[in-house]
Each structure stands twice: as structure tokens, then as C-alpha cells.
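One structure is given here, and the rest of the page talks about it.
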Amino acid sequence: MTSYDNEKETLEIGIIGLGDMGLMYAKRIIASGWKKVNVCDRSENYEELKELLKDSGMNVCQNGHAVSRKSDFIIYSVEAENIDKVVAEYGPSTKLDAIVAGQTSVKEPEIRAFEKHLPDDVHIISCHSLHGPTVDPKGQPLVMIQHRAADEKFDIAMRVLSCMESEFVKLSYKEHDRITADTQAVTHLAFLSMGTAWKTQRQFPWETPQYVGGIENVKVHMALRIYSNKWHVYAGLAIMNPSAKLQIQQYAQSVSDLFKLMIQEKEIEFRTRVKKAGEFVFGKSSESREPILLSDTLLDKFSLSIVPKEKRKPNSHLSLLAMTDCWYTLEINPYEHMVCQTPLFRLWTGITEYLFRNTDMLEAAIHSALYSKDIRADDMEFYSASKGWAECVDIGNMQTYQKRFEDTAKFFESRFDESNKIGREMIKVITTKTHK
């Protein structure tokens, strides 16, 4: 028996918080052979969890005190807005010389909570799987942050989490928050705004001709994928990440600026702005670069639509034009962040790239944006929705965010199961058939 095998027999691993990600982590750790996994959720859920997980191999504990006192490696898997309160309660019970990690999507408040409430004789490491609980973690980025930990302790954390079969990305917590602001926060805002715009018009996008085709399939499925998840995942990342507000505000401003040019039909100014942003982000269309997505045709099969493809109408793609304008204005190169890509960000960047590197499609989008009156109502609602979401984030009220999110989610909930099934297959295909 190797020392590594013996470690799997003796090292006690603790997970505080058994939501979707915490439970996924616990199951993967046990499946890879770690024998002592202590878990807990809220105290009121103890009896129910004990019965539910009685044959899982997990040791279900009454609360975080029990997990913290006996575990050598503890992972807090709780919402970002609750991390300070939970660590304040259970942190003082942490075992001497233990490793403490967090799995929140925003690291600044997490690190601050650890430094404030944990004993000085424990090691602080943070992690973040850049995907949701229903995505296969194999090959996906897993950020590892060695904040206050000896090298040998960091190595232990890496060995335990190697069970995810993910690609480790080593960052500082400040680098993590800046990159996730550049990638996840703005991407989520765009999809949230699409969903709200469709809901406001009482419109299922797959039933209308301007939302037919490969790129549109990505928009629809990823928007519904977000709204089928829990609101706090996106709220915490947007509201609590100090780096996110600038990007979110700029995206909403880019939508506003372009929409104003559209309704005034200022073609020269609009075209110049779009082209200048596109060349900054993607280079000239003649320049060679391996695309993220293979083709619009590849995505055509992932459709909820009953509208024939030949009846497709041009779309302004305001959401994608604004994303590129936002990147240009903030001097962000999205390709630099591919090391920390999420499936959503890869798809979002991919369809934006495809639009800008397909001359005919980009020209059709520019013409539609300026002169197609039959899609003007859609663009107006998207403009209004993006402004509303940006203001919600700027105010920083979690309850307001929750209400906006759940109101839209309710409109689409009858199609979540079907869309998520197709969305998972889409992510799988794009991941395996594109260049990384």
C-alpha cells in the first residue's frame, strides 16, 4: 500500500454546506476512494440528510462544529452572501493545523471571512469549479488559490480535488475575482437580460422566426439554463464581486449607446463603432485564428424551434454587438481568459466570434439593427432589461435580484427539463469538437 492510499484511509475531509455543488463534491471524493468524508448542512436538515445519505459512505454530522473539529481538510460550500456568518459560527472550532477551503464564486468576501474568523494555526486555501453541478467536471477549469498555506498542505488539497479530473488553474484571489468579473458576470447579465426581454413580451423565442438557427439556439438554451438554476449563484457573483460592477455597467451602457444609434439610423457612426470594436477583439476578418465554434450549422440541431429554418429572419444581435463594444471599451481580450473559461463563457465568446468573423452574417445584423422595424420591439425590451439588471446590481439588493430572477424563471419553467437536456449535449459537443 502506498502512502497515498494510506492517506485516503486516514485523512478526514469535511464539507460544510450540502447544496448542489457541495453534494457533487462529496460524491466525487467518495467515488475516488477517500474513506472519511464528514458532511453537514443546516442543523434543521440533519435528520432528513442522515436518512437520505445513510448508504452514501458520508458521515452526516449535526452541524459545522462537528465537521470542523474532526476534519483535516474542510471545504465551505455555502452562498457567497452567507460565508461570513457561517465561518464566524463554525470557524473557531477548526482542528489544529487543518486546511480550510471555500467553494464560493466570489473570493474577496470569502478570504476576508477566513482571515477574520479562523484560528491563526490553520491553512487557508480556496477553490472554485468553473461550472455548474450538472456539468461533467472532467477537463473543466478548477481554480486553486494558495492564500495562507504551506506547500505540503496545498499538495494535499490538490490530491483530494484531483478526483474532479479538472484542469487546475493557480491564481490569487484578486486575480480570480477580476477574471470572473470579466467573464462570468457580464455573460450572465446578457443572458438574464434576454430572458427578461422575452418574458416581458410574453414570447417564447423558439416560436419566432428571428430566433431560429445555430447562434440563436445557444442564446435560448444558455438563458434557460441560467434561469433553471438557483438565483443566488448569479447574484453573489455580480453583487459581491468588487470587480464586477464596472463591467456590468459598461455592458448596459454599450447596449444603450448602440440602441440609440440604431433608432436614429445613424449608419456610418453605428457601422464604424461596431467594426472598430470587432477588429480590436477578433482582428480583421482576413486574419487566421482557430474558431471556438465550428459553424452555425453544427449548432442547428440543438433547437427547440418549430419554425422552419428557411423562414428565419435576420436578427440585429444587439446582445453580441454590445458585448464586443464592452470588451473594446474596457480593453478586455476575452481570449486571455480562456484558461478560466466556463461552458457559458466559451459558448458566449464563440457565438460572438462567429458573428464577427462571418462577413455576411455581420452585415445582415448591422442592416437589421438599423432598418428592420419588425425586430425593434425586441431590441427595445432587451435595452430596458439590461438597464434594469445593471441597476439591480448597482443597488446591491439581494431580494430585488431574487424577485427579478424568479419572476422570469417562472415564465420559462415548463421548458427547463427539455432545454437543459439539449443544453448539456450542446456543451458536450462544443467541448469535444472545438479547439481549446
Side-chain angles (χ1 to χ4, degrees), residues 181-206 208 210-211 215-229 231 233-239 241 244-263 315-327 329-330 334 342 344-345 347-349 351-352 355 365 368-369 375-397 400-412 415 419 423:
D182 290 350
T183 57
Q184 296 186 55
V186 180
T187 302
H188 297 160
L189 183 85
F191 286 119
L192 289 169
S193 300
M194 288 179 210
T196 296
W198 293 329
K199 186 267 295 185
T200 301
Q201 292 189 280
R202 314 304 295 175
Q203 176 188 88
F204 291 119
W206 51 87
T208 58
Q210 61 262 38
Y211 297 108
I215 283 181
E216 307 303 340
N217 293 339
V218 173
K219 293 180 184 177
V220 171
H221 288 303
M222 295 304 103
L224 266 63
R225 186 178 186 85
I226 285 176
Y227 277 109
S228 69
N229 288 327
W231 67 271
V233 174
Y234 309 103
L237 195 150
I239 292 174
N241 186 337
K245 288 188 177 181
L246 174 63
Q247 286 86 335
I248 287 172
Q249 290 297 329
Q250 180 55 53
Y251 180 74
Q253 189 62 51
S254 291
V255 172
S256 178
D257 290 347
L258 292 176
F259 184 66
K260 289 172 185 175
L261 294 175
M262 289 161 53
I263 61 177
N315 190 327
S316 69
H317 294 299
L318 176 57
S319 61
L320 304 182
L321 300 182
M323 187 72 261
T324 306
D325 187 81
C326 175
W327 284 332
T329 303
L330 296 177
T342 63
L344 277 177
F345 180 67
L347 284 164
W348 181 240
T349 306
I351 61 175
T352 307
L355 171 65
S368 297
I375 63 169
R376 191 60 50 81
D378 296 64
D379 290 332
M380 184 192 73
E381 293 295 355
F382 180 76
Y383 154 77
S384 299
S386 65
K387 278 291 188 185
W389 276 109
E391 289 171 2
C392 179
V393 170
D394 190 52
I395 292 169
N397 186 283
T400 302
Y401 192 105
Q402 180 181 7
K403 187 177 188 308
R404 286 180 64 89
F405 187 98
E406 292 179 346
D407 282 350
T408 300
K410 187 173 180 61
F411 178 71
F412 291 110
R415 302 302 291 268
S419 179

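These numbers come from a predicted model, not from an experiment.
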Please table the atom pairs, donor to acceptor, closer than 3.5 Å between any side-chain atom in residues 183-190 and protein atoms at least two apart or in another chain.
{"from": "Thr183", "atom 1": "OG1", "to": "Ile179", "atom 2": "O", "distance (Å)": "2.8"}
{"from": "Thr187", "atom 1": "OG1", "to": "Thr183", "atom 2": "O", "distance (Å)": "2.5"}
{"from": "His188", "atom 1": "ND1", "to": "Gln184", "atom 2": "O", "distance (Å)": "3.2"}

Please tabulate, for the side chains in residues 256-263, all donor-acceptor contacts under 3.5 angstrom to protein atoms that are two or more places apart in sequence or on a different chain.
{"from": "Asp257", "atom 1": "OD1", "to": "Gln253", "atom 2": "NE2", "distance (Å)": "2.8"}
{"from": "Asp257", "atom 1": "OD2", "to": "Arg273", "atom 2": "NH2", "distance (Å)": "3.1"}

Practice task
Kindly indicate, with the supporting measurements, whether the criterion side chain to side chain contact (heavy atoms under 4.5 Å, CB included) is fulfilled by Arg404 and Trp231.
Solution key: CA-CA 9 Å; Arg404 286 180 64 89; Trp231 67 271; over 6 Å; no

Problem - Residue pair Thr196, Tyr227: steps toward the side chain to side chain contact (heavy atoms under 4.5 Å, CB included) verdict - result: CA-CA 10 Å; Thr196 296; Tyr227 277 109; 3.2 Å; yes

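We find the CG-CG distance between Leu246 and Asn241 to be 11.0 Å, quoted to the nearest 0.5 Å. Expressed to the nearest 0.5 Å, how far CG of Leu318 lies from CZ of Arg376 amounts to 10.0 Å. Rounded to the nearest 0.5 Å, atoms CD1 (Ile351) and OG (Ser319) are 6.5 Å apart. Taken from OG1 in Thr408 to NZ in Lys199, the straight-line distance is 4.5 Å, to the nearest 0.5 Å. Atom CD1 in Ile248 sits 12.0 Å away from atom CD in Gln250 (nearest 0.5 Å). How far CH2 of Trp198 is from OG of Ser193: 10.5 Å, rounded to the nearest 0.5 Å.
His317 has its side chain within reach of Lys219: a pair of non-hydrogen atoms, C-beta onward, lies under 4.5 Å apart. Taking 4.5 Å as the limit, some side-chain heavy atom of Trp348 sits within range of a side-chain heavy atom of Phe191. For the pair Cys326 and Leu330, the minimum side-chain heavy-atom distance is below 4.5 Å.
Evaluation of the ring-ring contact (aromatic ring centres under 6.0 Å, His included) rule for Tyr251 yields no partner, not counting sequence neighbours. With sequence neighbours excluded, no residue forms a side-chain hydrogen bond (donor to acceptor under 3.5 Å, both in side chains) with Gln249. Applying the salt bridge (charged side-chain N to carboxylate O under 4.0 Å, His left out) criterion to Asp394, with sequence neighbours excluded, gives no partner residue. With sequence neighbours excluded, no residue satisfies side-chain contact (heavy atoms from CB on, under 4.5 Å) with Glu391.
Nearest heavy atoms, Phe405 versus Ile226: CZ-O, 3.2 Å. The two residues Arg225 and Tyr234 come nearest to each other via the heavy atoms O-OH, 4.4 Å. Scanning both residues, Ala322 and Val255, for their nearest heavy atoms gives CB-CG2, 3.4 Å. Closest approach of Ala252 to Ser386, counting heavy atoms only: CB-O, 3.9 Å. Between Asp325 and Ser254, the shortest heavy-atom contact is OD2-OG, 2.7 Å. What you find for Trp327 and Asp182 is that their closest heavy atoms are NE1-O, 4.2 Å.
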